[in-house]
Structures are given as structure tokens and as C-alpha cells.
2 protein chains.
Amino acid sequence: MTITPITPADSGIRVAVSTVIFSQRDGRIVLPLVRRTRDPHEGQWALPGGWVDAAENLDATASRTLAETTGLAPSYLEQLYAFGDIGRSPERVVSIVYWALVREDVARAAEQHNVEWFDVSELPELAFDHTQIVDYALWRLRNKVGYSRIAHGFLPSHFTLADLREVYESILGKRLDPANFRRQVENSGTLIPTDDFRTGSHRPARLYRYNHDVELAERGPLPH
Amino acid sequence: MTITPITPADSGIRVAVSTVIFSQRDGRIVLPLVRRTRDPHEGQWALPGGWVDAAENLDATASRTLAETTGLAPSYLEQLYAFGDIGRSPERVVSIVYWALVREDVARAAEQHNVEWFDVSELPELAFDHTQIVDYALWRLRNKVGYSRIAHGFLPSHFTLADLREVYESILGKRLDPANFRRQVENSGTLIPTDDFRTGSHRPARLYRYNHDVELAERGPLPH
DNA sequence: GCAAAAGTGTTGTGATTACACCCATGC
DNA sequence: GCATGGGTGTAATCACAACACTTTTGC
């Protein structure tokens with residue numbers, strides 16, 4: 001039996017993957033952009049990404065392009081949305097966009113050439129529809145921080161409650177009550193207190209580590 | 001200036017759109033499947049869908065294939081996920097999957113040939129990875145019903161609180177307290193009481209209509 | 001001692017739950 | 001009348017926010 005394509009394999013549609021990578025730095029949310037070296041939009045800043053190879057899964061493409069940018073594995077990676085409007089590029093391109101979180105220390109360790117990290121509130125003009133894509137990724141991030149534990153994805157293995165609170169505050173853009181914040185996260189069962197403290201200023205703060213028995217976010221029946 | 005494709009236009013990857021269409025019938029969630037008329041998986045049941053035309057937006061393709069199945073416009077339509085694993089089809093196919101809600105009366109009015117509606121708890125074996133896709137769509141539906149008003153998408157323009165409660169109960173798979181349910185939805189501001197009542201058995205029940213000033217679900221910065 | 005962050009205690013408020021109870025209709 | 005679903009009332013509970021207060025460090 002033969003397989004009969006209904007459209008020719010050359011359908012005029014190409015498939016790309018881009019990734020919105022978030023990290024945290026000095027209480028700000030930052031993301032890496034690459035400068036385009038060819039048309040269209042040569043010279044403009046764009047999200048890191050690449051074409052999907054016929055023998056490579058979408059997730060793998062996202063991981064690969066992410067590694068090529070930050071040099072290391074993310075602490076969280078999730079598909080965001082498929083953008084495929086006709087006018088978003090001179091040729092017809094469907095972009096499967098992912099979003100990722102990388103820890104602050106990981107991001108700092110692997111700075112690359114022609115990659116620059118920008119504060120999300122001070123982004124330059126972006127190529128294609130990437131401004132809209134970043135807006136949507138930010139919306140998802142702010143939403144998801146309210147009902148999951150993804151904020152931990154920004155932090156190194158050991159951290160204080162003030163560190164974690166700072167992450168929440170920079171994502172949500174508002175101050176949180178330290179006392180109530182402490183109780184909320186203590187009751188969530190996602191943190192394991194250690195016997196170590198961070199000293200240096202004022203009263204030492206206890207260091208916590210993440211309880212890896214609980215997922216950063218519920219993903220439903222999708223394979224992880 | 002010339003555009004230089006990095007991969008040839010014939011990348012060996014084709015782009016399709018499929019849609020998981022939900023409706024409600026006798027307290028059960030049902031969805032339409034089409035029988036495949038060619039290989040691969042000839043004769044098996046599959047989600048309605050089609051190839052993306054180079055001149056057609058993804059949303060438009062979803063609406064079109066949905067119309068070809070149910071014959072009418074959905075009350076809710078949202079992108080679900082892009083499935084693109086290597087092994088999911090003999091050829092490399094990236095499927096942008098949407099999910100939709102259609103009102104019970106709309107679904108009943110437009111029954112089509114070679115389309116059959118199945119109870120989601122009694123699905124046959126499906127082609128490709130469509131079983132997994134339906135599982136994920138159901139998970140999203142059950143989640144979203146908890147924090148949005150999409151359940152209204154199943155109902156005709158006028159309905160009783162018992163109708164609405166039945167929708168919630170069939171989605172969530174559990175009974176809800178009628179008294180508390182009433183207060184919750186009355187306080188949500190999404191319902192407008194009418195002066196009409198449904199009679200026929202016991203005490204007549206007031207008919208409500210949906211307040212179209214509030215969206216069925218918050219979609220963030222994505223264009224609707 | 002003093003400032004400041006770490007950490008604890010207390011109180012009020014609003015949403016949710018469980019359930020008792022009344023109302024209006026068909027039979 | 002009586003069974004049944006429509007609709008109201010109410011008290012207990014819980015999560016959360018606001019804020020006063022104590023503890024422990026650096027200087």
C-alpha cells in the first residue's frame with residue numbers, strides 16, 4: 001500500500017522553533033536575544049531558534065537552540081504556542097515557540113558571542129512578530145507563577161526565602177508580605193529546610209533546597 | 001536583497017491542523033471523529049483536520065475543518081498544542097491541534113456523513129497519536145472549567161442553572177451542591193436572568209442568558 | 001545601642017462547604 | 001397530599017491579608 005500525500009511535500013511552509021528564555025538578575029527578569037545576520041530583518045534582535053530538522057523532535061530542537069544560546073540545560077522548558085500567520089515573515093513560516101527558565105548562575109556562567117541579555121521592560125525593537133511572542137510568554141510566566149512552583153526554576157540549588165520572594169516580586173511586579181509569603185511556601189511542601197544559613201548582613205537566613213519530588217508545574221498527560 | 005533559506009523549502013516536514021471538538025449530550029461529553037479513507041491508518045477513527053494551505057492562517061484552517069465537520073461556527077476555539085514527534089506518522093508531520101466547544105443544539109443540527117459522535121469515556125482506538133491528543137484536550141477542558149466560564153460554550157442562548165450545573169458535573173465527573181453552585185455563578189456576574197421560566201416538571205426554573213460583556217476565557221495578549 | 005532583615009503571633013475578612021429549610025409545580 | 005427539583009438561609013471552616021511583635025546579626 002502506498003502513501004498518498006494530499007499536498008506535495010514541498011508545501012511552501014517551513015517549520016521553525018524559537019525559545020523565549022527567561023532568567024533573573026538583580027530583581028529584574030531578563031532574556032537573551034540574538035542579532036540577526038541575514039535578511040529578513042538583518043541586524044535586528046530576535047529570539048534564539050532554528051529550523052526543525054526532519055529527524056529531530058520539536059522539544060529536542062528547542063533544547064538544542066537553547067543550549068547554543070545559554071550553553072546549558074534549562075530548569076524548565078515548555079511549549080508556548082505555534083505562531084503561523086501568513087504575514088509574519090516574507091515566506092510562510094510556522095514557528096513552534098517554547099519558553100524556558102534558566103537559573104541565574106547558569107546564565108551568567110555561559111555568556112556567548114552575539115547574544116545579549118535584555119531587561120524585559122526595556123526591550124529593543126524585535127524582528128518578525130517576536131515582540132508579541134515575548135508579551136505572550138511574559139503573560140504565561142506571570143500567570144503560571146500564581147498556581148505553580150516554576151519560580152524555583154530561576155534559583156540555584158540552595159537559596160533563602162528572601163531570594164525566592166525576590167523572584168516572585170520581580171515576576172509579579174509588586175511587593176509581597178515576608179511573613180505571609182513564608183507561611184505560604186512553607187505549607188506548600190515544596191521546600192526542604194537545610195541546616196545551613198547565609199550570613200553576611202543582619203540576622204542569618206536559613207537556606208532551603210527544592211523538593212524534587214514535586215514537579216515545578218503540572219503538565220497533564222503530556223509526556224515530560 | 002535576496003532571501004536565503006537556510007533549509008530548502010522542501011524540508012520534508014508537512015504542517016497539518018486537527019481539532020478536538022467537544023459537545024455535551026445527555027450529561028456526557030462527546031466529540032466527533034471521522035473515519036480515515038486512506039493510509040496510514042485507513043479505516044480507523046481520527047480527529048477532523050487537514051493540511052495547512054500556504055495562504056491560510058492556522059486559526060482559519062481550524063475553523064474551516066471544524067465547519068466541514070459540524071457545519072457551523074464553534075462557541076469557543078483555542079489552540080491546544082503542536083504535536084511534532086518523529087514517529088507519530090510515517091512521514092514527518094507537525095500537527096497544530098486546536099480544541100473547540102460547540103453548543104448541543106448546533107451539533108445536533110448539523111450531522112454529517114462519515115462523522116460520528118463518541119462519548120469521551122468510550123472512545124475507540126484512534127489513528128496516529130490522537131488518543132494522547134484527546135487525553136490532553138480533556139485535561140485542558142477540565143482544568144479550564146475551574147477558572148473560566150467556558151462551560152457556557154456548551155449551552156444554547158437560554159438555559160437554566162440546572163442546565164449549567166449539569167455541564168459542570170459532566171466535565172468534572174462529580175456532583176455539585178445546587179445551592180452553592182447557584183451562588184457562585186450568580187456572584188460571578190456572567191449570567192443575566194431573564195423573565196422567562198422553563199416549565200414542565202415541578203417548580204418552573206428561571207432561564208438565564210450569558211453576559212457577552214465577559215469573555216469565556218482570558219486569552220492574554222494573543223489576538224482573538 | 002541601633003538599624004534592618006529573619007522569623008512568629010494574632011486578628012479580621014471573604015470564599016467555600018455542608019446542610020437545614022421553604023417554595024412551587026405535576027401528578 | 002406528596003414527591004421533586006427550584007431556591008434561600010445560616011453556621012463552620014479555611015485561606016489569605018494586614019500588621020504588631022520578637023529574634024539575631026553587623027556596625
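Numbers restart at 1 for each chain; the letters A, B, ... are given by sequence-line order, proteins then strands.
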Next on the checklist: Would you say CZ of A:R28 has more than 12 non-hydrogen atoms from neighbouring residues, nucleotides or ligands within 6.0 angstrom?
Outcome noted: no
Interface polar pairs with nucleotides 12-14 of chain D, N/O, under 3.5 angstrom:
none

Rounded distance (Å) that lies between atom [atom2] of [N] and atom [atom1] of [X]:
X: B:Y208; N: D:dG6; atom1: OH; atom2: P; result: 11 Å
X: A:R182; N: D:dT22; atom1: CZ; atom2: C1'; result: 13 Å
X: A:F197; N: C:dG7; atom1: CZ; atom2: C1'; result: 11 Å
X: B:F181; N: D:dG6; atom1: CZ; atom2: C1'; result: 14 Å
X: B:Y147; N: C:dT16; atom1: OH; atom2: C1'; result: 21 Å
X: B:N187; N: C:dA15; atom1: CG; atom2: P; result: 8 Å
X: B:E169; N: D:dG5; atom1: CD; atom2: C1'; result: 13 Å
X: B:L176; N: C:dT17; atom1: CG; atom2: P; result: 9 Å

Next on the checklist: When you compare the side chains of B:N180 and B:R183, does any donor N or O come within less than 3.5 Å of an acceptor on the partner?
Outcome noted: yes
Checklist outcome for this item: B:F181 meets the ring-ring contact (aromatic ring centres under 6.0 Å, His included) criterion, sequence neighbours left out, with B:Y168
Checklist outcome for this item: Once base and sugar-phosphate atoms are separated, protein heavy atoms under 4.0 Å mark nucleotides 19-27 of chain C, 5' to 3', with B, S and - as B---BBBS-
Examine distances only and state if a side-chain atom of [X] and a backbone atom of [Y] form a donor-acceptor pair shorter than 3.5 Å.
X: A:S23; Y: A:V102; answer: yes
X: A:R206; Y: A:T194; answer: yes
X: B:S75; Y: B:L101; answer: yes
X: A:R35; Y: A:G43; answer: yes
X: A:N57; Y: B:I86; answer: yes

Next on the checklist: Which residues pass the side-chain hydrogen bond (donor to acceptor under 3.5 Å, both in side chains) test with B:D105, not counting sequence neighbours?
Outcome noted: B:R103
Checklist entry - Of B:Y210, B:F22, B:W99, B:F154, which meets ring-ring contact (aromatic ring centres under 6.0 Å, His included) against B:Y76? => result B:W99
Checklist outcome for this item: The correct set of residues in residues 152-165 of chain A placing a heavy atom under 4.0 Å from DNA chain C is A:A162, A:R165
Checklist entry - Tell me, which pairs form a salt bridge (charged side-chain N to carboxylate O under 4.0 Å, His left out) where one or both residues lie in residues 146-165 of chain A, sequence neighbours left out? => result A:D163-A:R198, A:R165-A:E169
